[in-house]
Amino acid sequence: MTSTSDTPRILVTGAGGFVGHHLVEYLKKQGAWVRGVDIKKPEYSQTSADEFLLLDLREKHNAETATAGVDRVFALAADMGGMGYISSHDAVILHDNTLINTHTLEAARKNGVQRYLFTSSACVYPEERQEITDLAPLKEEDAYPANPQDAYGWEKLLGEKFCQYYRQDHGLETRITRFHNIFGPQGTWDGGREKAPAALCRKIATAKLTGNHEIEIWGDGEQTRSFCYVDDAVKGLHLLMNSDYAEPLNIGQDRMVTINELADSIADIAGISIIKKHIPGPQGVRGRNSDNTRLKKVLQWEPEVSLETGLRQTYEWIESQVQKQLES
Ligand code: NAD
C-alpha cells in the first residue's frame, strides 16, 4: 500500500530502543508520519511517533499488523546488548532475531512496502580479521568467507542475505547498513545490556559522585574500537534509505581508540582522575574499525560528530541518571 498524500508513512521497529527512539525523532523533524513498534516503550522519554504499537515481532500476525499501510520500514528491532550480553546469549539471540527479521520482511512484502532497511552490524566481520589491536579498517567485502564471533553476527549475516534475496526474487527495495558501535544519550546504561561507552560513563559518573575513583575495565583495556555518535547514525540511515545502494554499507567512525583511551576521555569530561582496575570479562574481538571508503563514495557523507563531543553529551546525560539513582 502507498500513502495517499505526499507525507511518507514510515514504520520504525525497535522504536522503544536506543537508535530507534532517536530515528523516530529525526524522521518526525523531516515531516514523515511515523509508526513505532516495539515490545516496550522508550525508557527515558516520550516517543514522538504518531502511533506507537506494543507488538512482539517474533509473532507473524504482529509483523503483519506492524507493516500494514506503510511505505517504508526501518527494521531495527533486535534482541541485543553489549559484549556481556551478546557473548552469553547465543541461542536466544539467534532464535529471537531470526523470527523478528523473517516475519517483518515477509509481512513487508505482503503489505506492499516499497523500501526496507535492515540494521546489520560490524559483528558480521570474521573473527580472524580482528585479532590484533592495530588492524586494518574493515571493508564491506571483508565479511566473506564468513566467520563472525557470535550467533548475533551470524544472524545479522542471514538477515542481510534475506534482504538481498527478497530484492532479487520479489522486487522489494532493500537497504542494509552495518553499524559500528553507536553511542549517545538515552541508550541503555545499566542492567547488563549496556555497551562500553555507556558502561564507562556510568562507572565514571558513579566514581565522581561517590568519591571512589577505582573503576573496573574488562581485560587489559588495550582492545580497540571506533565509536559513532547516534545523531550521525540516524542521519546515515536516512541517507541510505533514500539512496539507490542495495549492498551492505558500513555506518561508523573510522577513528580507532583503545578502551583505556575511551575511559580517559570520559574521565577528562567528568573532571576526575580514575584508577583503572583490569578484571577478567568478555572483550569481544581484539580490534575493530570501520573502513568508510564505500560510505563516502555512495552517500557523499561520513559521520561528523567527534568522539569528544559525542561523549560529552552522553556523559552528562548518564551522570544525571546515576545522580537520580543514587538519590532514590
Ligand atoms: P536496542 O536494544 O536499544 O533496541 C532494539 C529494540 O528492539 C529494543 O527496544 C527491544 O525492546 C526491541 N525488540 C527486541 N525484541 C523485540 C521483539 N520481539 N519485538 C519487537 N521489538 C523487539 O538496540 P539499538 O542500539 O537501538 O540497536 C538498533 C539496531 O541496530 C539493532 O538491530 C542492533 O542489532 C543494530 N546495531 C546496533 C549497534 C549499536 O552500537 N547500538 C551496533 C550494531 C548493530
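Just so it is clear, the values below take in all heavy atoms, side chains as well, and ignore hydrogens, waters and symmetry mates. Note that ligands are numbered from 1 as they come in the structure, with each ligand's atoms numbered from 1 the same way. Position 1 is the first residue of the sequence, and the numbers go up from there. Nothing here was measured: the structure is a model prediction, and the numbers come from that model.
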Name the closest protein heavy atom to [atom], giving the residue it belongs to and the distance to 0.1 Å.
atom                    : value
atom 3 (O) of ligand 1  : F18 N, 2.9 Å
atom 5 (C) of ligand 1  : A78 O, 3.6 Å
atom 43 (C) of ligand 1 : F179 CB, 3.3 Å
atom 34 (O) of ligand 1 : Y152 OH, 2.5 Å
atom 10 (C) of ligand 1 : D38 OD1, 3.4 Å
atom 27 (O) of ligand 1 : V19 CG2, 4.1 Å
atom 31 (C) of ligand 1 : L76 O, 3.1 Å
atom 19 (N) of ligand 1 : L57 N, 2.9 Å

Does ligand 1 come near enough to [X] that some N or O of the ligand is less than 3.5 Å from an N or O of the residue?
X    : value
A77  : no
G14  : no
M80  : no
S120 : no
S121 : no
T188 : no

Record the part of D56 in heavy-atom contact with ligand 1 below 4.0 Å; permitted values are side chain, backbone, both and neither.
both
Which part of R178 is near ligand 1, with near meaning a heavy atom under 4.0 Å away: side chain, backbone, both or neither?
neither
So if I count the atoms of ligand 1 from 1 in the order they appear, which ones are less than 4.0 Å from some heavy atom of [X]?
X    : answer
G16  : 9 (O)
L55  : 19 (N), 20 (C)
I182 : 39 (C), 40 (O), 41 (N)
K40  : 9 (O), 11 (O)
N181 : 40 (O)
K195 : 38 (C), 39 (C), 40 (O), 41 (N), 42 (C)
I100 : 15 (N), 16 (C), 17 (C), 18 (N)

Which residues pass the ring pair (Phe, Tyr, Trp, His ring centres under 6.0 Å) test with H103, not counting sequence neighbours?
none
With rounding to the nearest 0.5 angstrom, report the CZ to OG1 distance, R225 to T133.
11.0 Å
Ring centres of H22 and Y26 under 6.0 Å apart?
no
Does R193 come within less than 4.0 Å of ligand 1, judged by its heavy atoms?
no
Compute the minimum heavy-atom distance from I39 to ligand 1 and say whether it is under 4.0 Å.
yes
Do R202 and W189 meet the cation-pi criteria used here (NZ or CZ under 6.0 Å from the six-membered ring centre, within 45° of the axis)?
no
Any cation-pi pair here, K195 with F179, using under 6.0 Å and within 45°?
no
Do [X] and [Y] get their side chains close enough for a donor-acceptor pair, meaning under 3.5 Å?
X    : Y    : result
S45  : H21  : yes
T258 : N260 : no
D220 : Q283 : no

Take the angle between the ring planes of H89 and Y85 and call it parallel below 30°, perpendicular above 60°, tilted in between.
parallel
Parallel, tilted or perpendicular, as decided by the 30° and 60° cut-offs, for the rings of H180 and Y125
tilted
Is there a donor-acceptor pair under 3.5 Å between the side chain of N62 and the backbone N or O of D56?
yes
